[in-house]
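Here is the structure we will look at, set down as structure tokens.
Because the structure is predicted, anything quoted here is derived from the model rather than measured. As a basis for the values below, the full set of heavy atoms in this structure was taken, side chains included, without hydrogen atoms, waters or symmetry mates. Just follow the structure's listing: the first ligand is 1, and inside any ligand the first atom is 1.
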Amino acid sequence: MVATRTEVQEVQPISSHKNNYDLNFMRQKIFAYEKTIKDDFNIFKGDLLEREACSFVTSNMNAFLFGLISDSSVKAEIAWSLPYRLKERLHHFDLNKIANMDIDELTGIIKEKPALHRYPLNIAKYLKAAAELLISKYESNASNIWANGASAAEIVSRLEEFKGISHKKAALGSLLLVRDLGIDIKDKENINIAYDIHIRRICLRAGFCSQDTIEDVTMAGKRLLPEFPGRLTSSFWAIGRDICRPTNPLCSECPLDDVCEHNLSLGEDIHA
Ligand code: SF4
């Protein structure tokens, strides 16, 4: 069975791990580290987004969805500013009008300097398709994707129906909804750790998984924190970016040092 989908699965211990360690001990270290990074990796807090752009994507759920779709191949702050900038350029944020726009026209508006995204044509196609799907299936309101107590499994599956949203992005989207927007999703066990370059590198080096596949990394997250694997995303991402770098990892500063297998020959090739 492929483990990237969000069914509840039996979680096996990391029996092949070279270091016998207590999972609770590891979690305590990670949670302590989580406190130190605070909001450094939260796009909606701090100074990464201008106030208006941030307010728009956190108050208008169609804008949130557009930001999530745009969050690829560009810095997060560029992606999550796009909905607000697009609204400024269009002088509206009307889904019906966006759905009926000519792709070349929408591409041209995204492409105007300074361009709103590195790949204007792709993003224009994704956003137009998103507007169409929101109108036809969600009464023109993205919050209906996660309304009425939808489970994480349902939310991820619904998000994946949108062009430009991979499983990784759908998992990120559900994490942002819970963590940053306060959406009450009960089955947090189905919110997976993100299959991100930094997280993949850590999982391989630490021995949490033996192969760099989305299935293995996802299952590693489920083993480490079965009740909410996605919670590990921010901490692992921060460790991967600042400590477990592709070359010269700073193991002595790493909260995983005590439990890590230190497979340092692995993961050098996993970088942006
Ligand atoms: S201890 Fe070293 S190799 Fe292991 S995750 Fe931390 S930085 Fe990476």
Which of the numbered atoms in ligand 1 are below 4.0 angstrom from a heavy atom of L264?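 Within the 4.0 Å cut-off of L264, ligand 1 contributes 3 (S).
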Please tell me if the side chains of L225 and I193 come closer than 4.5 Å, counting only heavy atoms from C-beta onward.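 Of all side-chain heavy-atom pairs linking I193 with L225, none is under 4.5 Å.
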Can you see whether S234 engages R179 through a side-chain donor-acceptor pair at a distance of less than 3.5 angstrom?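 Yes.
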Pair Y195-D212, side-chain donor/acceptor within less than 3.5 Å: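 Per modelled atom types, Y195 and D212 side chains form a pair under 3.5 Å.
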Pairs of donor and acceptor atoms involving the side chains of residues 61-75, under 3.5 Å and at least two apart or interchain, shall be tabulated with distances.
from, atom 1, to, atom 2, distance (Å)
N62, OD1, A142, N, 2.7
N62, ND2, S140, O, 3.0
S70, OG, F66, O, 2.7
D71, OD2, W80, NE1, 3.1

Summary of ring-ring contact (aromatic ring centres under 6.0 Å, His included) pairs that have at least one residue in residues 94-129, sequence neighbours excluded: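 Every pair satisfying ring-ring contact (aromatic ring centres under 6.0 Å, His included) with a residue in residues 94-129: there are none.
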Applying side chain to side chain contact (heavy atoms under 4.5 Å, CB included), name anything that partners E88, two or more places apart in sequence or on another chain.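 In terms of side chain to side chain contact (heavy atoms under 4.5 Å, CB included), with neighbours along the sequence ignored, E88 is linked to Y84, R85.
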What protein N/O/S atoms lie closer than 2.8 Å to atom 6 (Fe) of ligand 1?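 Listed by chain and number: C254 SG.
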